[in-house]
Amino acid sequence: MAMAARPRGSPLLRALAGTRGPPRARSIHEGPDTIDELLDRHLSKKSPALDDDAAEALARRRLTSSRREALGLYRDILRATRLFEWPDERGVPWRDTLRANARREFEEARGERDPEVVARLLIGGRDAVDQALERVADASRRMVQAEEAKRRGGA
């Protein structure tokens, strides 16, 4: 004689298991999903055909998101350039040179509408900022270690 499966766990879980309602998701202990369930859950669904207005609204939303990311990246670049105070060979602070180059690159990419190109530019820019900040942090650490070594050796 087969016994009915009893919910395990806390009283709250047992109470919830006894309630009727929409079908609940199977837990991992109840066996594997069928192929159809896996495909349905993990593959992106085709969106219904969009009319011109809906397609334009979707494109505008994507551009707004990219615009927000680009502005965030630009602000991060401006913040990062505060760390570059020393002058170059001409006596111009590196901060000013870096800011001018960032502005020029952002202006050149302003009209770009291809989402792949925009994403590639944003990722490359973010990576460049992260690398520059990491190099400045490493140089700062080396300078602090050299100062500490000098103090220990001189004291």
Side-chain angles (χ1 to χ4, degrees), residues 8-10 12-13 16-17 21-153:
R8 298 183 228 193
S10 70
L12 177 62
L13 289 175
L16 288 174
R24 63 182 178 89
R26 288 194 298 189
S27 75
I28 194 167
H29 304 292
E30 294 177 8
D33 293 330
T34 65
I35 298 288
D36 292 333
E37 289 173 333
L38 284 171
L39 291 174
D40 187 47
R41 194 173 11 185
H42 295 291
L43 290 180
S44 62
K45 314 252 183 320
K46 280 189 174 180
S47 59
L50 300 174
D51 60 353
D52 290 339
D53 292 337
E56 184 179 335
L58 181 62
R60 189 174 298 132
R61 238 180 317 188
R62 284 184 183 148
L63 283 176
T64 303
S65 174
S66 297
R67 178 180 170 82
R68 193 175 311 128
E69 289 178 42
L71 289 172
L73 174 60
Y74 189 72
R75 282 188 216 104
D76 289 344
I77 290 170
L78 293 180
R79 284 185 203 109
T81 57
R82 294 179 193 160
L83 301 172
F84 295 86
E85 298 174 357
W86 58 91
D88 62 3
E89 310 81 48
R90 298 171 293 156
V92 178
W94 274 105
R95 174 187 58 238
D96 298 340
T97 304
L98 292 171
R99 286 180 179 178
N101 287 339
R103 176 68 183 214
R104 182 179 42 79
E105 287 190 33
F106 272 82
E107 286 295 331
E108 288 174 1
R110 175 179 243 160
E112 187 60 55
R113 296 286 184 233
D114 184 9
E116 287 183 29
V117 173
V118 171
R120 197 174 311 125
L121 289 169
L122 290 171
I123 290 169
R126 180 68 58 193
D127 188 43
V129 171
D130 291 343
Q131 286 179 9
L133 289 176
E134 189 62 35
R135 287 180 186 157
V136 168
D138 287 342
S140 178
R141 280 187 216 111
R142 284 193 303 271
M143 288 173 52
V144 168
Q145 289 171 350
E147 284 288 322
E148 288 175 358
K150 186 190 273 186
R151 269 192 230 138
R152 276 187 258 138

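For reference, positions follow the sequence shown, starting with 1.
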Answer whether the closest heavy-atom distance between the side chains of Val136 and Arg141 falls below 4.5 Å. no
When every non-hydrogen atom of Leu122 is compared with those of Glu69, the smallest separation belongs to CD1-OE1, 3.6 Å
Euclidean distance, Leu98 CG relative to Leu83 CG, rounded to 0.5 Å: 10.5 Å
Find the distance between OG (Ser66) and CG (Leu73) and round it off to the nearest 0.5 Å. 12.0 Å
Arg110 atom CZ, over 12 foreign heavy atoms within 6.0 Å: no
What are the two closest non-hydrogen atoms of Ala70 and Phe106, and how far apart are they? O-CE2, 3.4 Å
Assess the side chains of Arg99 and Thr81: does a donor N or O sit below 3.5 Å from an acceptor N or O? yes
Between atom CZ of Arg104 and atom CG of Asn101, what is the distance when rounded to the nearest 0.5 Å? 5.0 Å
Dump the intermediate steps for side-chain contact (heavy atoms from CB on, under 4.5 Å) on Arg75 and Arg79, then the final yes or no. CA-CA 6 Å; Arg75 282 188 216 104; Arg79 284 185 203 109; 4.0 Å; yes
Reported CD-to-CD1 distance for the pair Glu105 and Ile77, which is rounded to 0.5 angstrom: 8.0 Å
Smallest separation among heavy atoms of Pro93 and Glu85, with atom names: CB-O, 4.0 Å
Close side-chain approach of Met143 and Glu147, heavy atoms under 4.5 Å: no
Pairwise distance CZ(Arg103) to OH(Tyr74) - rounded to 0.5 angstrom: 5.0 Å
Around atom CD of Glu108, are there more than 12 heavy atoms of other residues, nucleotides or ligands at under 6.0 Å? yes
